[in-house]
Amino acid sequence: MGKDAAQRILFLRDEIRRHDHLYYVLAEPRISDRQYDRLFAELKALEAEYPERVTPDSPTQRVSGRPLEEFATVRHTVPMLSMDNTYNAEELRAFDERVRKGLGSDDYEYVVELKIDGVAISLRYEDGLLVRAATRGDGQTGDDVTVNVRTIRAVPLTLAGLRDEGQRTRDEGLPAVLEVRGEVYMPTSAFEKLNKARTERGEPAFANPRNATAGSLKLLDARITAQRNLAFFAYATGEVEMKASGLRRQASGGRPATRDGEMATKDTGRMPVLHGGDAGEAGMTRLAEDHFTVLTRLKELGLPVNPHIEKASTIDEVIEICNGWAHQRADLDYQIDGMVIKVNRLDQREVLGTTGRAPKWCISYKFAAEQAETVIESIDVQVGKTGTLTPVANLRPVLLAGTTVKRASLHNFDELRRLDARVGDTVLVEKAGEIIPRVVGVRPELRPHGTKEFAVPHKCPECGSPVQKDEGGVYVRCINARCPAQLKERLLYFAGRGQMDIEQLGRALVEQLVDVGLVKDFADLYRLKASDLEPLERMAARSAANVVEAIEQSKTRELWRFVAGLGIRHVGGQSAQILAERFGSLEALMEADRGALEEIDQIGPVMAESIHAYFRKEDNRRVIRRMLEAGVVPTPPRKREPGRLAGKTIVVTGTLEAFTRPQAEQAIRAAGGKASSSISKNTDFVLAGENPGSKLDKARKLGVKVINEAEFTEML
Ligand code: IVH
């Protein structure tokens with residue numbers, strides 16, 4: 001390839017990284033979205049022309065094209081601990097007392113941070129390259145969510161940091177290993193947009209941004225995660241190993257090394273022994289001597305660090321900062337559920353130690369959930385897609401945590417009975433990070449005369465059929481298979497993005513279609529003609545044609561989407577994927593007996609029973625048959641291609657030209673192979689670069705095949 005093109009690719013990558021950093025980390029964009037898109041498109045085109053130049057850290061490689069089957073488990077080399085909570089100033093003072101006693105001195109300061117309400121993540125960078133992202137899990141092991149985290153544009157794929165106008169400082173003081181701990185979150189604005197779109201499409205809304213974040217990180221298809229606008233703040237480090245050479249000078253020496261984020265550990269056995277903290281010492285295990293400087297250093301490396309971080313030298317100052325944020329938090333575009341107070345100096349943290357599950361040098365201060373008082377004006381009963389009736393309170397509008405609240409969930413009839421909430425009651429509503437508030441209490445002393453206990457309905461409020469109650473009456477369901485309210489919810493779910501993905505079929509249209517009797521089941525959708533739709537309200541000729549076209553397009557959706565769309569109780573998208581993979585065709589799934597269903601891992605007896613019962617019902621079978629007659633042909637799952645290196649164990653040694661070691665290992669794993677660090681007779685190949693050393697000798701001795709970089713690239 002031309003040298004120019006190669007150089008242009010490198011230039012574009014650096015440029016895009018620089019603008020990502022300016023936009024997502026510093027929030028100081030310098031170019032328009034259009035200019036950015038142009039750079040990106042040019043890079044994509046060049047990489048398409050020269051595919052051998054694509055490296056995993058290219059900004060074009062954030063989103064992986066293939067869904068995962070499941071998440072691998074990752075063991076944290078440095079455990080991810082939890083935090084003790086406080087709820088008032090007294091408890092904060094008691095914490096300060098313990099710190100003072102523990103240190104035997106007054107000479108310490110705190111760093112006060114926002115407690116971001118998201119999902120804790122550990123990012124592992126090796127030689128500056130993001131190689132793994134894992135959830136906290138139980139603190140010892142978590143899920144490998146690398147492919148999803150790579151889609152978060154605030155998370156740099158390569159460390160470097162940009163100092164002064166694009167001056168990259170690659171390699172200078174870059175740690176050999178750096179685990180960055182932080183919080184993935186969904187900005188409130190992105191959350192509201194997501195929920196709006198979901199409700200419009202009849203999909204269940206997420207209760208709060210934290211759930212939306214967790215849900216987005218657990219998606220097996222990273223292409224969907226990429227659309228969720230997740231963001232990230234770094235707040236600590238885990239394992240750190242500085243390179244032997246090229247170290248930046250550290251401020252002071254003489255203290256034993258520790259890792260920020262936990263006490264000096266006996267538990268990993270991997271900490272190199274250090275002799276003082278001299279600058280230039282091999283294997284330094286921290287970025288700096290105090291937390292505030294660690295955060296500064298993370299920022300320099302290109303990581304997003306929350307800007308609202310303050311030092312405080314007394315507990316009074318800490319309390320003042322916390323009180324300020326209890327109100328100010330309404331102005332942020334992300335949710336915080338409290339503050340985190342940390343002892344700044346790392347050597348002092350070590351003296352204080354941990355209690356096993358939580359460090360003694362840090363504490364969280366939780367805000368009280370925001371509450372407001374208002375009056376219940378009426379209580380509605382909503383009918384869900386499987387017929388479940390849910391009580392919802394209509395409230396006298398009240399301002400709560402920055403938004404006007406008009407409705408609040410009462411969850412179920414058991415909860416309603418427990419609260420004894422009645423129309424006319426003054427109630428306490430709470431928004432504990434939840435966007436749909438809940439009624440948490442009633443003020444009986446303010447109850448007007450003549451109120452009545454809300455009666456659990458005996459009939460469906462929509463179709464009037466008798467309802468079925470489960471034991472205890474917690475869940476009440478309308479069992480009329482033809483209930484129009486259920487039908488509407490089922491159709492909306494069927495058309496939802498996670499199922500058949502028929503974008504034009506929104507709530508307003510579905511309601512009309514059911515109300516005028518054009519659609520009585522899924523199959524009727526596939527018989528609709530533009531001329532049926534044109535007479536409907538707000539339906540121009542063009543849009544009628546679009547709707548019919550969109551429904552037509554959905555006929556060949558993947559089998560799992562079709563199965564998910566049926567809305568079988570307990571069967572979500574993930575289970576539908578498992579079923580599609582296992583049975584391969586709709587016919588086989590429909591005829592599966594209970595035993596065959598129960599045999600499948602991840603399909604429990606309750607789900608197996610529900611699936612079996614669904615397909616035994618003649619009504620359901622008839623609707624499916626009619627869909628197939630109308631030309632619906634769900635696409636069966638593709639036989640998965642094993643990666644080119646499937647089953648192969650490869651050892652990388654020496655210096656490669658186009659890859660760093662972790663990049664090469666990542667490429668091996670991506671192609672289905674196993675990257676190992678030690679050679680045995682089970683090794684299939686040794687990939688040898690420059691100066692391969694003793695591994696090459698060993699490979700030759702064992703008769704293991706040795707390949708060079710060009711052969712390796714060819715294999716990929
Ligand atoms: S420091 C030893 N700093 O809160 C604990 N955590 O309740 C190290 N969190 O799992 C964590 N914002 O996910 C720290 N500024 C912050 C934080 C923060 C949010 C989360 C974190 C942790 C949870 C503990």
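All values reported here derive from a predicted model rather than from experimental measurement. One is the number of the first residue; the rest follow in order along the sequence. Both counts, for ligands and for their atoms, begin at 1 and track the order of listing.
Using a 4.0 Å cutoff on heavy atoms, Lys342 counts as a contact of ligand 1. The closest approach between a heavy atom of Asn85 and any atom of ligand 1 is not below 4.0 Å.
Contact detail for Asn344 and Arg349: the closest heavy-atom pair is O-NE, 4.3 Å.
Qualifying side-chain contact (heavy atoms from CB on, under 4.5 Å) partners for Val119, counting only residues two or more places apart in sequence or in other chains: Thr213, Ala214, Leu217. With sequence neighbours left out, the salt bridge (Lys or Arg N to Asp or Glu O under 4.0 Å) criterion links Asp106 to Arg100.
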| ring-ring contact (aromatic ring centres under 6.0 Å, His included) evaluation trace for Phe233 with Tyr185 | CA-CA 8 Å; Phe233 282 128; Tyr185 66 95; 5.0 Å; yes
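Comparing Met83, Met80, Lys115 by heavy-atom distance to atom 6 (N) of ligand 1, the nearest is Met83.
For ligand 1, one of its N or O atoms has an N or O atom of Tyr235 under 3.5 Å away. Residue Ile116 has at least one nitrogen or oxygen atom sitting less than 3.5 Å from a nitrogen or oxygen atom of ligand 1, judged on distance alone.
Near Pro359, with a cut-off below 4.0 Å to any heavy atom, the atoms of ligand 1 are 2 (C). Atoms of ligand 1 found under 4.0 Å from any heavy atom of Glu113, numbered from 1 in the order shown, are 3 (N), 15 (N), 16 (C). Taking a cut-off of under 4.0 Å to the non-hydrogen atoms of Glu183, the atoms of ligand 1 that pass are 9 (N), 13 (O), 19 (C), 20 (C), 21 (C).
A cation-pi arrangement is absent between Lys311 and Tyr110, since the terminal nitrogen or guanidinium carbon is not both under 6.0 Å from the aromatic centre and inside a 45° cone about the axis.
Ring pair Tyr87/Phe367: centre-to-centre distance not below 6.0 Å.
Contact annotation: for Leu114 versus ligand 1, heavy atoms closer than 4.0 Å belong to the backbone alone.
Looking only at side-chain heavy atoms (C-beta outward), Leu194 and Arg228 come within less than 4.5 Å of each other.
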